[in-house]
Amino acid sequence: MAPCVACRTCRSCYDGDPCHTKDSAWAWIVCLAASMNLAFTVGLIYSFGVLLPVFMDYFKENRERTAWIGSLSIALCLGSGPFVGSLVNRFGCRTVSITGCLTCALSLTVASFANDLIILYLCYGVLGAGASCVFLSGFEIVRKCFDKRRSIALGITSAGQGIGTMALSQVLQSLVNALSWRNSLRIVAGALALNSFFGLLYDSKMYTTSNNEMLSREEVGERPTSKRFTFHWSVWKVPGFLLLTIGFFFVMFGRSVVYVHLVKYSEDRGMSLDASSRLILFMGINIVLGRFACGFLCSYKRLDNWCIYQALLLVNGVSTMLLTLAQNYEAFVAYSVVFGFCDGAWATVNNIQALTCVDHLRAASAFGFILLAGFVSSMVGPPLSGLAADKLGSYGPAFHMTGGAFVVASLIPFVLRCKKSSDEEDAEHAQEPEYQSDNEVGMDGPLKITQNSNDSKTTAVHDHTLFVSTI
């Protein structure tokens, strides 16, 4: 059946199956659905700090062993990225999203019956993998739903994590106080099961209302999307990608420690558990604000994205080390506000740099490798910090180490600047001009395409690239 191009509503017909138009009201509904999915899954993972003191008290365990629960969920959410990307390409966003939500619900249900930490390790690990399914499928379907307003839509979707962290931290604390942690997990599991219905709104067949833009892939010479997730090892030759990967390793070490241990650290300093859990609320609000604010900053051409990247990490590093001097609740609130804003802003600029340091053909592979680097450090960070706090009797050294990781990450881009300066000096002394080939990638910029390049090379890969926002 031919596509119904005369219909200007959000539904049309193509091969007998319903589809929707891009940038329509339906597309915005899908965007909100994806944002809600991220709020309930990724937001739940980053709210674990509220449950850390509860689990420590119930199981009579130390910080190190209990922190493995939260670190495994964060790590597997990142480490599952390449595999989940393959699932999205093979089975579609709708199937992967619904499966991810139901997996999260099942894992929390099983966790509510746990009598030892080993079961919680396994369940929260599965929770992280399920959240990764929801995360990647949500961003991919939003990318497909928009052309003109894609950046805004992706920003709204990524804000779901901050909103979820802000809301679920308070919901979990209230449920634990009123009921028990077991019943709280069961209630959240039921909410996640209901949340899976948002995945039914995901429709991979999106068409614009323009007659010319509704041509088939074959008519525009576009290559079919591969059903396999291809690893492009050549990305490791790109200096900008290398620096982002190394920086992401240190940043995720620090981020995981803050999200898992901040509430317990505040409680150890004499604050009540309810007041300490509100720190996650303040952090979540400012994460959302930071994501949007940095989006506007990065749109100014006069501002260098690498400078913004370094400044945000330096502020987080210094503020985290200064937190060890905090003596009252107001100081912890101030830290949560500053850290939350800078962390949200960093996620935006890091995402932009990751998407532009290589060409679109290798963007998905580049993201997979970057996420794997974060998988290692986020899994080790919270238990190592918990071990340091247990052995030394204070979180002070652990947060000094965490702040140092942020500072190291902020200094890494200087390597790229030194290399660029060296290359520019060599170019000035060169006898002959150097020409960049069609497939060469710059150190910190996107692929340079000559006028003789076929446009289909740059557009053919859009259906394969996963536009993800760093967790």
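All values derive from a computational prediction rather than experimental measurement.
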Can Y265 and R63 be counted as having a side-chain donor-acceptor contact under 3.5 angstrom?
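Short answer, no.
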
Any side-chain donor near an acceptor of the partner, S256 and S378, under 3.5 Å |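 Result is no, nothing qualifies.
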
Applying side chain to side chain contact (heavy atoms under 4.5 Å, CB included) to L78 and S132, what does each step give before you reach the verdict?
CA-CA 7 Å; L78 297 173; S132 183; over 6 Å; no

Is there a side chain to side chain donor-acceptor pair (under 3.5 Å) between T320 and Y335 once you walk through the steps?
CA-CA 8 Å; T320 300; Y335 171 77; 2.9 Å; yes

Checklist entry - What do the steps show when you test F341 against V337 for side chain to side chain contact (heavy atoms under 4.5 Å, CB included), and what is the final call? => result CA-CA 6 Å; F341 183 88; V337 170; 5.7 Å; no

### Query
Can the positive tip of R278 be found less than 6.0 Å from the middle of the six-membered ring of F332, inside 45° of the ring normal?
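No.
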
Under 6.0 Å between ring centres, would you say that holds for F48 and Y259?
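Not under 6.0 Å, so no.
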
How far apart are the closest heavy atoms of [X] and [Y], and which atoms are they?
X	Y	result
L175	V188	CD1-CG2, 4.4 Å
P382	S71	CG-CB, 3.6 Å
C342	V315	SG-CG1, 3.7 Å

Is it true that a side-chain atom of [X] and a backbone atom of [Y] form a donor plus acceptor pair closer than 3.5 Å?
X	Y	answer
S97	R94	no
R269	T324	yes
T109	A105	yes

- request: Show your reasoning for whether side chain to side chain contact (heavy atoms under 4.5 Å, CB included) applies to V257 and V260.
  value: CA-CA 5 Å; V257 171; V260 171; over 6 Å; no

In L314, N316, V318, the residue satisfying side-chain contact (heavy atoms from CB on, under 4.5 Å) with S410 is L314

The side-chain contact (heavy atoms from CB on, under 4.5 Å) partner of C133 among T41, L102, V84 is V84

Worksheet item: Can D390 and R65 be said to form a salt bridge (Lys or Arg N to Asp or Glu O under 4.0 Å), step by step?
Response: CA-CA 10 Å; D390 289 332; R65 287 177 54 83; over 6 Å; no

Requested in this report: Determine the interplanar angle of the W306 and Y309 rings, folded into 0 to 90°, and report it as parallel if under 30°, tilted if 30 to 60°, perpendicular if over 60°.
Outcome: perpendicular

What is the ring orientation for W181 with Y58, classed by angle as parallel under 30°, tilted 30 to 60°, or perpendicular over 60°?
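Rings of W181 and Y58: perpendicular, over 60°.
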
Between CD on residue E61 and CG on residue L120, distance to nearest 0.5 Å: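 If I round to the nearest 0.5 Å, the distance is 10.5 Å.
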
Give, for atom CE of M166 and atom CZ of F282, the distance between the pair rounded to the nearest 0.5 Å.
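The CE atom of M166 sits 11.5 Å away from the CZ atom of F282.
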
Please, which pairs that meet side-chain hydrogen bond (donor to acceptor under 3.5 Å, both in side chains) have at least one residue in residues 184-197, sequence neighbours excluded?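 Listed once each, the pairs are N37-N195, S112-R186, N183-R186.
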
